[in-house]
Amino acid sequence: GLDARPGLIRIGITGSYGKTSTKFLLGTILSERYNVLVTPSSFNTPMGVTRVIRERLQAYHEVFIAEMGARHVGDIAELVELVHPTVGLLTSVGPQHLDTFGTLENIKKTKYELIEGLPADGLAVFARDGAICEELYARCTLARKRLAGEGVRVENLTVGPFGSRFELVEGDARVSCETKLLGEHAIGNLLLCAETARGLGLSLEEIARGVRKCSPVEHRLQLIGGKGGVTVIDDAFNSNPRGAQAALRVLARFPKRRIIVTPGMVELGGEEDAFNEAFGREMAGSVDVAILVGRRHTAPIRKGLLEAGFDERCLHVVGSLEESTQVLGALVRAGDTVLYENDLPDNYSEG
């Protein structure tokens, strides 16, 4: 068990979203200095975490990183009791799982159970979100508390076929970084990890080396060097309007021609048409060619695009993903960037 390992740095990560990607980024960065064990993808319950400790934790591990999921008040407290974290990261607080929590206040309280469970000399690191995370940062009484972007910041960010390039800056020191990660939330998660790594004694250079090795989660703004000089951005796993906006902002920074292939958002209930129309209007400023998958379903996107003055000649509506591949094959050329945004659920049919 963990009690037999007093020297082990034990890190708990919780948040409404961003937990899993932050966990892997932090593991990659801290591996520049420490021998790290990270819980696998979705092992974020007491049972899953216990199994990892029993089956995977070795005497040589210096850092143990546990993702802590919660659907009910008290879930995090239970994981804290199990792991006894010395470091806690809060990635975000939002209305995920309102169905089981009841109120946002309950969600706040539950996420904060991680910070409350840290020892007096523990390290607490909060995302900068202009909202609840910062409110909880202000509430935290630990001497060693950090807010992402406060000590280590990102400057001169550029994106392109190479991924993201930027400088990590702390005081007068600066070091250049490059990573395949794209999008504000990925850079925000990196900053959270950089802040944590500094708190655990890594140098800016070590952090930059780790950042270079970080790779995106599959199908989440994943950069793929396509054949024939075409850049592909795969964001097929995204399914919410916020993520779609972030993807369009990334695409807008790429050189022309920018092509989007998307069915838009599905399974959003009564809000769906309104979201898709807004998606179309936003798309007009970020893409040069739009290939919409699903004739009936994407009608609101088409409406939004045309209302925003998009050239109808650059708009292709197709019935299936196979058909989109044919259209794309006929028009794509070297230097183009293709964004695959959202995916139709397997059981989806326009029947």
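- Look at Arg209 and Glu205 and you find no salt bridge, because none of the NZ, NE, NH1 or NH2 atoms lies under 4.0 Å from a carboxylate O.
- Taking CG of Asn35 as the reference point, atom CG of Leu30 lies at 11.5 Å (rounded to 0.5 Å).
- When atom types are taken as modelled, the side chain of Arg144 and the backbone of Ala124 share no donor-acceptor pair closer than 3.5 angstrom.
- Between Arg153 and Glu170 there is no salt bridge, since no side-chain N of the basic residue sits under 4.0 Å from a carboxylate O of the acidic one.
- With hydrogens and angles left out, the side-chain atoms of Tyr137 and Glu150 include a donor and acceptor closer than 3.5 Å.
- For Glu134 (side chain) and Asp129 (main-chain N/O), a donor-acceptor pair under 3.5 Å exists by modelled atom type.
- Between Glu113 and Lys111 there is no salt bridge, since no side-chain N of the basic residue sits under 4.0 Å from a carboxylate O of the acidic one.
- Side-chain atoms of Asn276 come within 3.5 Å of backbone N or O of Met265 as a donor-acceptor pair.
- Of the residues Val230, Ile224, Asp234, the one that meets the side chain to side chain contact (heavy atoms under 4.5 Å, CB included) test with Val338 is Val230.
- Residues Glu195 and Arg198 are not paired through a salt bridge, judged by the lack of any N-O separation under 4.0 Å between the basic side chain and the carboxylate.
- Closest non-hydrogen pair, Lys180 versus Phe162, comes out as NZ-O, 3.5 Å.
- Electrostatic pairing of Arg249 and Glu184 counts as a salt bridge here, judged by a charged N lying under 4.0 Å from a carboxylate O.
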